[in-house]
Amino acid sequence: MRRFWSWSIVGLGVVYFFLPLVGMLEFSLKMRRGAYSLDAYASVLADARFRATFGYSAVMAALTIVLGVLIVVPTVFWVRLKLPKLRPVIEFITLLPLVIPPIVIVFGYIRLFNTSSWLPLTGSTLGSDILLMIGYSVLSLPYMYRAVDTGLAAIDVRTLTEAAQSLGAGWATVLARVILPNVLVAVLSGAFLTFAIVIGEYVFAALLDRPAFGPYLVWAGGNKAYEPAALAVMTFALTWACMALIQLATRFSRHTRMQPK
Amino acid sequence: MPRAHLRHLPMTWVGVAPFLIFAVLFLLLPTANIITGAFVDDKGAFTLVNLVNLFKPEVLNAFALSIRLSLASAVIGCVFGFAIAVAVSLGGLPPVLRGLAMTFSGVTSNFAGVPLAFAYVATLGRVGIVTVLLREWFGINIYALGFNMISFWGLTMAYVFFQIPLMVLIITPAIDGLRREWREAAEVLGATPLQYWRMVALPVLWPSLLGTLALLFANAFGAVATAIALTGSLLSIAPILLFNQIRGDVLQDPHLGYALAFGMIVVTGLSNLLYVSMRARSERWIK
Amino acid sequence: MSFLDLSGLRKSYGANAVVKSFDLTVEKGEFVSLLGPSGCGKTTVLRMVAGFETPSAGTVRIDGQEVTGLKPNQRNIGMVFQAYALFPNLTVAQNVAFGLKIKGMPAGETRDRVADMLRLIGLPEMGSRYPFQLSGGQQQRVALARALAPQPRVLLLDEPLSALDAKIRVSLRAELREIQQKLGITTIFVTHDQEEALSISDRVVVMNAGLAEQVGTPFQVYNQPRTRFVASFVGTLNTVEAQVLDAGAGRLAIHGAAVQMAVPPGTRGKVQLALRPEAVHLGYGVDGDVVLPATITAVEFMGSVIRVRAACADRIMALDTFNRPDTPPPVVGAAVSLSFKPRDLILLEG
């Protein structure tokens, strides 16, 4: 009886979640009249704006990941090692981007960093790009922080650090040669999640007026018929790929962590 | 001793300085700027006019619609997400299914925004697969029956698509926290499964459920991209109103924008406060 | 007819039989312990009595009624779990009242019964506390009160003391026994702690690999272990190898010393004999004792008892002596004589 209800609920869930996915897949194949074809995908790939915006967002995602890692890893490390008392505060700050809607944060950027301010980032293309990258780092902060924090929780930071220092390593060496390799898996899962979030992001890019993939998606949605479905399929596949890579990374980490014990 | 202390303090703080500077500059200051902006006029003098302007009918309606939309999608997401989480964790199904559900939830909860809107259109739009199949197989024309994607329920159904997986992701660990001994103790004391759920499991999960509801609410309340991709900027919900404000499309009163943003912070802040306090409560129990 | 009757119980998961064949009859009001190492099947037996596991074969009867096919909530059984089984969302009083509420007992009567139960476990003032505000020992006492409140036919205890601190464990087990005797409730107690089982049970079932190796009073199980497993699991054991000189007359030789056994071994060649540490003494003993030379290798001062290990021929013998304030314990390396009475030797079957 219990199993019957469980199967029914799961079945219902499968229908609800797969219908839109099947719908979008089917729709994306219908561009040619009367037959299924990959025409919509070909049309998307042939679009120079698609390539430009996707490339832009991919580069942005990569830069965001780098910035995120640079900010988060030393902080988590330092807090665990030297300032455990500060941990609740840091944790609270990292959760704020989930509390404050992104649109509010970007609004704050536009007001705070406008052309007449002390840091006129929105005044130039480069400045806007930097601001977008920073904004994305803020958006991904909760995910990156949690990933790295759980990763570091699994290893004994203090012992590893003291061991390295007793062998004469400096702080930079400790971070680069001891800590980072050990939290690489955690950093990787944070990175893939960041990529999944950043690649199709709309609000930041639209309001900072950057030629990113998100605004392109909205533009395509308003101006094309079948390409949006193809784009959605591609984004969905990309998200899946990111999650699969996270799973893969975690499995790999379990494998390597088993050995020392 | 005091000298050592002096030398010690700045050295330890140096390690977190980059993070703190980053957070202050790009998270706290911009937010503070919005909040203070809501309380000053053009000349920088203190005023409550901006907040009073929030009570104009069109703004009030936008907030009301946003809150209703977020609440509806959060409640539906909560109920169905909980049912799915219970089914895959306690329903006696193959354990593989649980892993699959978690991974799938991870993907779909991140598959929000613009692409979700496209998938939705491809499903329930005028030539969407479900619309067409219902018409051709069952002779049901949902559009003739008054269905509209850009309506309250239309948007709610789209939001539910990312709310359910989020619920599954957050509530599953809480369900795992239900100890087998509780069920068995209840059973051996004569309770039926239904009595166990009513008297023990649901009350234990209640803070988690309520807290997650608050989180889902905030999640939907701040979402813009799906709505914009689906409706253009037609539907008047709070984040779209703010979006238009920032773009300078509609009104040219920047301080109303501040007030709108402030209102949004208040709403999401309150619901997150509920989430945090509820989580603290459930953690107190499950020790 | 016995009150609780388990016959031919068997539980297997696929090809793996956790409980192979288990028979036990328990009289009304009796306190029986299932004792054995983890994985011996003792918990599975208990869970079959409770109804959480369905036996692959065999029957469970309570008070003449066959309950094998009944669900746990139809058996009217009380059970205390290892730990953390109190409902965290309910107060102590509400926890104790849980079973009564399910039964539909009127509120007034429930209140009285709960108060009685809280007095019984010595926590009359704790009714409005929540489980997380109690210590582990208090929680287990409340769990006991909750199990007893609906006046079950049988009380099942699944290692209820093993998650507690050593001191509380000892005091609570005495209290447990006292309450059990006061109420006269038929009880099955599962434990892996031999001291616990011996100290509070009417009878002990020693289990190994899905089978009951021996059933008997604590005194029997300890002093007349039937198998090597029982002898070694219940208490510390010295094994002594002996050469049978005359099987019929019961004459043996232990390291050259002649021993006259009361019970003849019945076999020839070499036999294994067991000896409890408290049966071995330092010194020559009295006439008729077996005396062996030995060298002390370790001395553990445990308070009232001193455990000494001594090398005797090719093996180490453990012996317990009482502490005496006027005599310092023996020193390591000393050459001593060990003596014991032939009648204390235990002949093992397997």
Side-chain angles (χ1 to χ4, degrees), chain A residues 2-3 5-7 9-10 13 17 19-24 26-28 71 74-75 78-79 82-83 86 90 93 96-105 107-112 134-135 138 193 196-197 200-203 207 214 217-218 221-222 228-229 231-232 235-236 239-240 243 247, chain B residues 12-13 15-16 18-19 22-23 26-27 29-31 33-34 37 80 83-84 87-88 91-93 97 101 103-104 106-108 110-111 113-123 127-130 161 164 218 221-222 224-225 228-229 232 239 242-243 246-247 257 261 264-265 268-269 272:
Chain A
R2 189 175 55 152
R3 212 162 289 176
W5 285 112
S6 304
W7 278 117
I9 288 164
V10 170
F17 282 98
L19 266 181
L21 301 179
V22 172
M24 107 192 148
E26 199 251 9
F27 201 76
S28 74
I71 288 172
T75 308
W78 196 267
V79 166
K82 299 268 178 185
L83 291 168
L86 209 63
I90 303 279
I93 293 175
L96 277 180
L98 293 180
V99 180
I100 307 164
I103 189 169
V104 174
I105 297 175
F107 185 33
Y109 285 5
I110 291 167
R111 291 295 170 195
L112 202 60
I134 288 171
V138 170
L193 204 56
I197 293 166
E201 199 282 335
Y202 173 67
V203 175
L207 290 178
L217 284 174
V218 171
L231 284 164
T235 322
F236 189 72
T239 314
W240 257 116
M243 294 300 145
Q247 295 271 325
Chain B
T12 24
W13 282 79
V16 285
F19 174 84
F22 176 82
F26 297 108
L27 184 57
L29 267 185
T31 313
N33 181 268
I34 298 295
F80 286 94
I84 290 173
V88 296
L93 301 181
L97 216 59
T103 312
F104 186 80
V107 175
T108 38
N110 280 303
F111 183 69
V114 187
L116 171 61
F118 294 167
Y120 193 50
V121 170
T123 312
V127 285
I129 187 165
V130 171
F161 196 86
I164 290 179
F221 192 82
V224 195
I228 285 186
L242 178 59
F243 189 86
I246 300 170
R247 276 252 166 119
M264 289 184 65
I265 294 176
T268 56
N272 276 282

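Chain letters run A, B, ... following the sequence lines, proteins first, then strands; residues in each count from 1.
The choice from V121(B), N33(B), V88(B) that makes the most heavy-atom pairs within less than 4.5 Å of chain A is N33(B). For the options I90(A), L231(A), L193(A), I197(A), heavy-atom pairs under 4.5 Å to chain B are most numerous at I90(A). Considering only heavy-atom pairs separated by less than 4.5 Å from chain A, the leading option among V107(B), I129(B), T103(B), L29(B) is V107(B). Counting heavy-atom pairs under 4.5 Å between each of T235(A), I110(A), I134(A) and chain B puts I134(A) at the top. By number of non-hydrogen pairs under 4.5 angstrom with chain B, the leading residue of V99(A), I71(A), V138(A) is V99(A). For the set G200(A), S6(A), G214(A), A196(A), the count of heavy-atom pairs under 4.5 angstrom toward chain B peaks at S6(A). Each of G91(B), G222(B), G37(B) has some count of heavy-atom pairs under 4.5 Å with chain A, and the biggest count is that of G91(B). If you tally non-hydrogen atom pairs under 4.5 Å between each of V130(B), I265(B), I84(B), L93(B) and chain A, the highest count goes to L93(B).
Ring-plane geometry between F104(B) and F17(A) is classed as perpendicular, the angle between the planes exceeding 60 degrees on a 0 to 90 degree scale with a lower cut at 30.
Looking at L83(A), only its side chain comes within 4.5 Å of chain B, counting heavy atoms on both sides. Heavy-atom distances place both the backbone and the side chain of L217(A) under 4.5 Å from chain B. Heavy atoms closer than 4.5 Å to chain B are found nowhere in W5(A), neither backbone nor side chain. Only the backbone of L98(A) comes within less than 4.5 Å of a heavy atom of chain B; no side-chain atom from C-beta onward does. Proximity to chain A (any heavy atom under 4.5 Å) is shown, for F161(B), by both the backbone and the side chain. Using a 4.5 Å cut-off between heavy atoms, I34(B) contacts chain A through its side chain alone, with no backbone atom that close. With a 4.5 Å cut-off on non-hydrogen atoms, V114(B) touches chain A through its side chain but not through its backbone.
Closest non-hydrogen pair, V218(A) versus A229(B), comes out as CG2-CB, 4.5 Å. Contact detail for G106(B) and M243(A): the closest heavy-atom pair is O-CE, 3.8 Å. R3(A) approaches G92(B) most closely through the heavy-atom pair NE-O, 3.2 Å. Nearest heavy atoms, F107(A) versus A261(B): CD2-CB, 3.8 Å. When all heavy atoms are compared, the tightest approach of I105(A) to F26(B) is CG2-O, 4.2 Å. Taking all atoms of both residues into account, the shortest heavy-atom contact from P101(A) to T268(B) is CD-OG1, 3.6 Å.
In this structure, I228(B) and V203(A) have side chains that are not in contact, with every pair of non-hydrogen atoms separated by 4.5 Å or more. Within the 4.5 Å cutoff, the side chain of I246(B) has heavy atoms near those of the I103(A) side chain. The closest side-chain heavy-atom distance from I93(A) to F19(B) is below 4.5 Å.
A distance of 8.0 Å separates OG1 of T108(B) from CG of L21(A), quoted to the nearest 0.5 Å.
Applying the side-chain hydrogen bond (donor to acceptor under 3.5 Å, both in side chains) rule to T123(B) yields no partners; only residues at least two apart in sequence or on another chain are considered. Scored by the ring-ring contact (aromatic ring centres under 6.0 Å, His included) test, F80(B) finds no partners at all (sequence neighbours excluded).
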